[in-house]
Amino acid sequence: WNHRKSERSIIAESGFSPEADFAVTANQQDLVLWHTLTGKPEWFWSSPGEILDLVLSPQGDFALLGLGNHEAVYFDIKNGGVKRTLRHQGRVRSVDLSADALTVLTGSDDYKTTVWDLKTGKQLQQIALDNVIDVVALTPKGDLAFSASNLDTAIIWDTKTGEIRQTLSGTDGFFPKRVSYVAARFSQNGDQLLTGTAAGLIQLWDSTTGKELKRWRAHKRDPYGPTSTSVYAVGFGSGEIGRAHV
């Protein structure tokens, strides 16, 4: 899948609709909707800002985009046009959408992570952390959220009350070890959370207790290359067994 015939496109972000009938690929400015059964492109659009993250809605009707112009937009990817604009005071690095497409979670360079009502565009809950928000994730039901700030706090929190349920960042010892989580995904029933770090660590968590269940390490391709391998995306297989893609 390339954006121009006979050329290799630099794909910055990609995603599937929940039922996997549609996929979207994006460079920093343009996005293409594809039909997975035929492999053919359906639509090609230009984004209103630099694309930093995206999520595709059910049936591939809309794309939720996190943009460099301090906005998250709900973009009609089949007919064109922005249906809803959600504004931050910094670049929106990470976004997620509930399975019913009613609740949005955003994370921004303004150190804030926010839950929104997509129908009204109103903020429902907001938490300020101590650094830019690298990654956010919602359970499919939209009742729990995961938000992580760069080299700082990672939390599981209640989207209805704003209460922090669990803190995952390690703070033990005289010199607390700070972790940069850069990938996260809840299981289908929301009881487990899979995360990936900038240092190549993949962890499976119990969402209720915050207890680490398992961990893996992504190996470097070249033993003489960089000191670590960053995990860009994680996901669950059909049997709810975590698998990470680097």
Side-chain angles (χ1 to χ4, degrees), residues 12-15 17 24-31 33 43 45-58 60-164 180-184 186:
E13 298 292 339
S14 62
S17 62
V24 61
T25 57
N27 56 29
Q28 290 186 329
Q29 193 65 44
D30 303 314
L31 60 160
L33 182 69
W43 299 103
W45 303 100
S46 290
S47 166
E50 179 191 1
I51 300 170
L52 304 180
D53 194 20
L54 62 81
V55 179
L56 204 55
S57 75
D61 292 330
F62 293 89
L64 176 65
L65 308 176
L67 303 179
N69 65 357
H70 303 186
E71 296 177 347
V73 299
Y74 200 52
F75 186 81
D76 188 333
I77 200 169
K78 290 184 176 177
N79 301 294
V82 173
K83 182 177 181 181
R84 179 68 64 195
T85 299
L86 310 171
R87 300 185 186 279
H88 273 273
Q89 297 300 312
R91 289 155 54 92
V92 181
R93 287 179 180 263
S94 187
V95 295
D96 205 359
L97 182 68
S98 61
D100 58 11
L102 296 177
T103 305
V104 168
L105 179 65
T106 57
S108 171
D109 282 4
D110 62 8
Y111 297 14
K112 294 176 182 177
T113 180
T114 307
V115 177
W116 309 80
D117 183 316
L118 188 55
K119 281 189 173 181
T120 65
K122 292 183 178 180
Q123 293 184 12
L124 300 178
Q125 301 291 340
Q126 186 176 81
I127 292 179
L129 298 179
D130 293 329
N131 208 336
V132 299
I133 311 299
D134 279 335
V135 62
V136 298
L138 268 178
T139 58
K141 292 191 297 183
D143 57 337
L144 287 180
F146 172 79
S147 303
S149 57
N150 186 263
L151 288 173
D152 194 68
T153 306
I155 57 174
I156 297 173
W157 55 292
D158 190 309
T159 61
K160 304 299 183 184
T161 66
E163 175 190 1
I164 297 176
S180 282
Y181 294 97
V182 291
F186 282 99

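When side chains are defined from C-beta on, Leu56 counts as touching Leu33, because their heavy atoms get closer than 4.5 Å. When side chains are defined from C-beta on, Thr85 counts as touching Val73, because their heavy atoms get closer than 4.5 Å. Between Asp109 and Arg93 there is a side-chain heavy-atom pair separated by less than 4.5 Å. Between Phe62 and Leu97 there is no side-chain heavy-atom pair separated by less than 4.5 Å. Within the 4.5 Å cutoff, side-chain heavy atoms of Glu50 are placed close to those of Arg91. Using a 4.5 Å cut-off on side-chain heavy atoms (C-beta onward), Leu129 and Ile155 make contact. Using a 4.5 Å cut-off on side-chain heavy atoms (C-beta onward), Asp96 and Phe146 make no contact. Annotation: side chain of Leu105 is not in contact with side chain of Thr103 (no heavy-atom distance under 4.5 Å).
Listed by first and then second residue, the salt bridge (Lys or Arg N to Asp or Glu O under 4.0 Å) pairs involving residues 64-83 are Asp61-Lys78, Glu71-Arg87 (not counting sequence neighbours).
When all heavy atoms are compared, the tightest approach of Tyr181 to Ala148 is CB-CB, 3.8 Å. Closest approach of Thr120 and Asp117 over heavy atoms only: N-OD1, 3.2 Å. Taking both residues in full, the closest heavy atoms of Val136 and Thr113 are given as CG1-OG1, 3.7 Å, listed atom of the first, atom of the second, then distance. The two atoms that bring Ala63 and Ile77 nearest to each other are CB-CD1, 4.1 Å, heavy atoms only. Contact between Gly162 and Ile127 at its shortest, heavy atoms only, is O-CD1, 3.6 Å. When all heavy atoms of Ser46 and Leu31 are compared, the pair lying nearest together is C-CD2, 4.4 Å.
The distance from atom CG of Asp134 to atom OG of Ser149, rounded to the nearest 0.5 Å, is 7.5 Å. Here Asp158 contributes atom CG and Leu144 contributes atom CG; the two are 6.5 Å apart, rounded to the nearest 0.5 Å. Atoms NE2 and OG, from His70 and Ser108 in turn, are 7.0 Å apart once rounded to the nearest 0.5 Å. Taking CG of Asp53 as the reference point, atom OG1 of Thr106 lies at 11.0 Å (rounded to 0.5 Å). The line from CG of Leu118 to CG of Leu86 is 7.0 Å long, rounded to the nearest 0.5 Å. In this structure, CG in Leu64 is found 11.0 Å from CH2 in Trp116, a value given to the nearest 0.5 Å.
Other residues, nucleotides and ligands contribute only 12 or fewer heavy atoms inside 6.0 Å of the CD atom of Gln28.
Scored by the side chain to side chain donor-acceptor pair (under 3.5 Å) test, Trp45 finds no partners at all (sequence neighbours excluded).
Judged purely by atom type and a 3.5 angstrom limit, Asn131 uses its side chain to pair as donor or acceptor with the backbone of Asn150. The closest donor-acceptor contact from the side chain of Ser180 to the backbone of Leu151 lies under 3.5 Å.
Ion pairing of Asp143 with Lys160 is absent here, as no side-chain N (NZ or NE/NH1/NH2) approaches a carboxylate O to less than 4.0 Å.
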Discussion item. As a quick check of understanding, evaluate side chain to side chain contact (heavy atoms under 4.5 Å, CB included) for Trp157 and Val115, giving each step before the final call.
Written reply: CA-CA 11 Å; Trp157 55 292; Val115 177; 3.4 Å; yes
Worksheet item: Under the side chain to side chain contact (heavy atoms under 4.5 Å, CB included) criterion, do Leu54 and Leu65 qualify, and how do the steps go?
Response: CA-CA 4 Å; Leu54 62 81; Leu65 308 176; 3.7 Å; yes
Discussion item. Working note: Val135 + Val182, criterion side chain to side chain contact (heavy atoms under 4.5 Å, CB included); need CA distance, chi angles, decisive distance, verdict.
Written reply: CA-CA 5 Å; Val135 62; Val182 291; 5.6 Å; no
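For the residue pair Gln126 and Thr114, a side-chain donor N or O sits within less than 3.5 Å of a side-chain acceptor on the partner.
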